[in-house]
Amino acid sequence: MANNNVVLSTLDFNTNKQNFKNFLASQAAFKDYNFEGSNMSVLLDVLSYNTYLNAFYLNMVASEMFMDSAQKYNSVVSHAKELNYVPKSAKSSVATISFTTQTLGINSPFIIPKGTSFTGSNANGTFNFVTNQLHSYISANSTFTVDSLPLYQGTYITDSFIKDDNISNQRFVISNPNIDIDSLTVLVRDNGSTSSIPYNRVESLFDLDDASLVYFLQVSENGKYEIIFGDGKFGKVPNNLALITAEYIAASGPSSDGISVFGCNQDLGIPNGGVATLSVITATANSSSGSLPETIDSIRFAAPRYFATQQRAVSSDDYTSLILDKFGGQIGDVSVFGGETLEPKQYGKVIIALKPTTGLIVAQTVKNAVAGYLQNYVSLPIRLLTADPEYLYLKVESEIQYDKTLTTKLPNELIGNLRDQIQNFSSKNIEKFGTDFRYSKFVATIDDTNTSIVSNNTKILLSKRIAPLLNYPTSFDIDFNNPADNEAESPGYTKINALSDEPMITSSAFTYVDADGVEWPYCYIRDDNLGKLLVYSIINGKFTIINANIGSIDYMTGKVYIKDLVTSNYGNYISVELMPANKDVIVNKSKILLIDPYDVTINLIEKQA
């Protein structure tokens with residue numbers, strides 16, 4: 001009996017073609033027919049190709065129906081829209097500057113208008129910065145001091161629309177996809193009116209009525225943003241022929257970060273009606289926190305988690321999702337914990353530790369914005385406090401053996417590759433709140449750098465950087481969160497004498513000032529193997545104790561206390577280092593581990609035949 005069914009359960013071209021052959025061969029009309037002949041083979045190729053193309057197309061269409069499998073940006077954005085998630089836009093790099101201005105013929109207040117232009121340069125080129133609002137300053141004389149003036153990278157752009165009731169489903173799409181949506185201002189002026197009315201952005205229907213002057217924002221095709229007005233029940237509909245103006249900053253993202261030198265492009269005497277001479281502009285905070293529009297993978301991760309917050313901040317995940325949704329371009333990671341976990345305990349407080357996308361410390365303006373934003377979502381009478389991450393550095397000392405016959409690279413090239421590999425490991429595997437360091441993965445990464453590497457013997461130290469006030473007693477509580485590699489007392493082994501073993505705590509060099517005010521250069525801190533910290537120096541080749549009790553260490557917990565340290569000179573910081581008992585390094589949710597290239601020492605050894 002002939003087989004009347006074509007097997008089409010595969011997407012493979014060759015298999016489809018063979019299935020067509022099997023089907024035709026089973027038909028009486030094609031009995032003993034040569035299916036390898038040129039004409040029939042071409043027809044079978046066309047059938048197979050068409051089947052393959054349709055199967056592929058339908059598979060892609062089905063994939064785009066779900067956020068987890070969608071590949072096209074527009075599809076992912078459409079799914080995010082169902083969860084009321086607005087993908088993050090590009091963000092302006094933010095700097096703060098200070099200067100004084102000598103004026104002639106100008107009375108208080110001295111104003112700096114919105115949109116005042118400044119420029120700054122870095123290795124990526126020259127960038128424009130603007131003020132985002134009017135600033136005014138008071139002075140009793142002709143000298144005005146401008147302190148901590150925030151500047152936002154980018155240029156103001158204005159899009160205008162005319163509301164036309166004759167256009168069905170009229171859309172108001174922002175023309176520039178590099179908009180920083182935080183800078184967007186929407187004004188509506190009715191036909192015949194001389195004044196414009198500002199509309200405010202909202203994200204939910206809560207507390208809206210037919211007179212609410214609000215708009216919603218969503219991403220449309222090609223990464224552009226679209227303004228959506230109310231429907232007359234939840235939000236006012238602009239009148240027919242009303243002029244709609246959208247003003248915003250188009251940003252360049254992170255390429256404008258790190259700028260520290262600025263100049264003013266405009267004569268500030270003109271808007272003040274006189275003469276204004278500016279001093280040298282000082283950057284009180286270098287430009288930072290610029291970012292590009294959110295990627296597909298980021299949207300896919302963030303949208304369902306944002307939806308889970310349900311517009312309220314109760315759990316730590318709620319806080320994290322809200323912050324990353326609003327400030328994702330500026331905030332790289334968030335850790336939220338209650339004040340009851342601190343020592344001393346601070347009940348009724350929520351601590352929000354923020355890590356920037358670039359750099360180590362989030363600008364104070366961003367911290368203030370985060371705290372103010374979260375107040376709208378907090379349901380309990382609690383106090384929100386922002387904090388900086390507590391960084392612990394991993395100091396790497398690696399002795400690496402390699403076989404020079406297995407590589408064409410010079411030793412210096414190989415060392416450069418190893419350093420790059422170590423930094424890549426740091427950025428991908430740690431540098432997040434509460435992310436532990438796994439020694440086995442790290443040494444495997446070193447071995448995988450090049451096929452010529454035979455083995456590595458790598459030592460890890462934990463480092464905390466401190467910066468005591470000069471010539472003033474300063475105390476520090478340091479929690480390494482890991483036990484020290486100190487031999488515990490056991491039957492047959494009892495510690496009696498101090499300084500009987502290698503130190504568990506060491507430090508970089510500094511100039512110590514003793515109680516009599518005498519300065520001792522090239523001093524160091526170490527423990528005495530019994531739990532006390534001391535300050536010592538090497539004088540005339542001899543180990544000399546300068547202060548026998550400068551603090552203490554708990555070897556079991558890794559907690560270090562340095563008491564009343566007085567120093568008159570040190571480098572950028574003093575590095576206090578712990579030799580951990582375990583190769584893996586564990587951190588809590590308030591700490592971040594990272595590897596500074598400065599702390600990496602590599603000793604490359606050639607394998608002996």
* To do: Test Thr458 against Ser398 for side chain to side chain donor-acceptor pair (under 3.5 Å), laying out the working first.
  => CA-CA 4 Å; Thr458 301; Ser398 187; 2.8 Å; yes
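- Here the closest non-hydrogen pair linking Asn124 and Ser255 is ND2-O, 2.8 Å.
- Between Ile592 and Tyr393 there is no side-chain heavy-atom pair separated by less than 4.5 Å.
- Asp447 and Asn456 share a donor-acceptor pair across their side chains, judged by distance under 3.5 Å alone.
- Remark: Asn141 CG is packed, more than 12 non-hydrogen atoms of other residues, nucleotides or ligands lying under 6.0 Å away.
- For the residue pair Lys367 and Val362, the shortest heavy atom distance occurs at CE-O, 3.2 Å.
- Side-chain contact, Thr100 with Ser279: a donor N or O sits under 3.5 Å from an acceptor N or O.
- Using a cut-off of 4.0 Å between Lys/Arg side-chain N and Asp/Glu carboxylate O, Lys559 and Asp554 are scored as not salt-bridged.
- Relative to the six-membered ring of Tyr391, Arg465 misses at least one condition, a distance below 6.0 Å or an angle of at most 45° to the axis.
- Side-chain atoms of Glu294 and Ser298 form a donor-acceptor pair, as typed in the model, at a separation below 3.5 Å.
- The aromatic rings of Phe327 and Tyr373 sit perpendicular to each other, their planes meeting at more than 60°, with 30° as the lower class boundary.
- Of the N and O atoms on the side chains of Ser452 and Asp403, not one donor lies less than 3.5 Å from an acceptor on the other residue.
- Two residues are said to be in side-chain contact when any heavy atoms from C-beta on lie closer than 4.5 Å; Val587 and Thr435 fail this criterion.
- Across all non-hydrogen atoms, the minimal contact from Ile574 to Pro468 is CD1-CG, 3.9 Å.
- Between Val336 and Phe433, every side-chain heavy-atom pair lies at or beyond the 4.5 Å cut-off.
- Annotation for Leu385 and Gln346: closest pair CD1-OE1, 4.0 Å, computed over non-hydrogen atoms.
- Taking the centre of each ring, Phe129 and Phe262 come in below the 6.0 Å mark.
- The closest donor-acceptor contact from the side chain of Ser136 to the backbone of Phe110 lies at 3.5 Å or more, if one exists at all.
- Considering only heavy atoms from C-beta on, Thr544 stays 4.5 Å or farther from Trp520 through its side chain.
- Atoms CD1 and CG, on Ile550 and Asp564 in that order, are 7.0 Å from each other to the nearest 0.5 Å.
- Between the Lys88 side chain and the Leu324 main chain, a donor and an acceptor come within less than 3.5 Å of each other.
- Other residues, nucleotides and ligands contribute only 12 or fewer heavy atoms inside 6.0 Å of the OH atom of Tyr522.
- Across all non-hydrogen atoms, the minimal contact from Pro411 to Tyr402 is CG-OH, 3.7 Å.
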* To do: Could you please spell out the steps behind the ring-ring contact (aromatic ring centres under 6.0 Å, His included) verdict for Phe144 and Tyr137?
  => CA-CA 7 Å; Phe144 293 86; Tyr137 300 89; 8.3 Å; no
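- Using modelled atom types and a 3.5 Å distance limit, the side chains of Tyr555 and Asp527 yield a donor-acceptor pair.
- A cation-pi arrangement is present between Arg305 and Phe301 under the rule of less than 6.0 angstrom and at most 45 degrees off the ring axis.
- A donor-acceptor pair shorter than 3.5 Å cannot be found between the side chains of Glu413 and Asn417.
- Put simply, the side chain of Phe437 reaches to within 4.5 Å of the side chain of Phe425, judged on heavy atoms.
- Screening Thr284, Asn286, Leu151 for a side-chain contact (heavy atoms from CB on, under 4.5 Å) with Thr96, the sole residue that qualifies is Thr284.
- The shortest side-chain heavy-atom distance between Thr451 and Thr407 does not fall under the 4.5 Å cut-off.
- Counting only N and O atoms by type, the side chains of Asp317 and Ser315 include no donor and acceptor under 3.5 Å apart.
- Under the 3.5 Å distance criterion, the side-chain polar atoms of Thr386 are left unmatched by any main-chain donor or acceptor of Ile352.
- For the residue pair Asn529/Ser500, the side-chain donor-acceptor check at 3.5 Å is not satisfied.
- Between Ser590 and Asn588, the side chains place a donor N or O and an acceptor N or O closer than 3.5 Å (distance only, hydrogens not considered).
- A distance-only check finds no donor-acceptor pair linking the side chain of Ser183 to the backbone of Ile181 [under 3.5 Å].
- Looking at heavy atoms from C-beta onward, Ile478 lies in side-chain contact with Ile466 at the 4.5 angstrom threshold.
- For the 3.5 Å distance criterion, the side chains of Ser92 and Gln153 fail to qualify, holding no donor opposite an acceptor.
- Thr143 and Gln102 share a side-chain donor-acceptor pair at under 3.5 Å.
- Partner Ile525 forms a side-chain contact (heavy atoms from CB on, under 4.5 Å) with one of Thr506, Leu534, Val535 and no other, that one being Val535.
- With 3.5 Å as the limit, one finds no donor-acceptor pair spanning the side chains of Ser568 and Thr511.
- By the 4.5 Å heavy-atom criterion applied to side chains, Leu414 and Asn450 are counted as neighbours.
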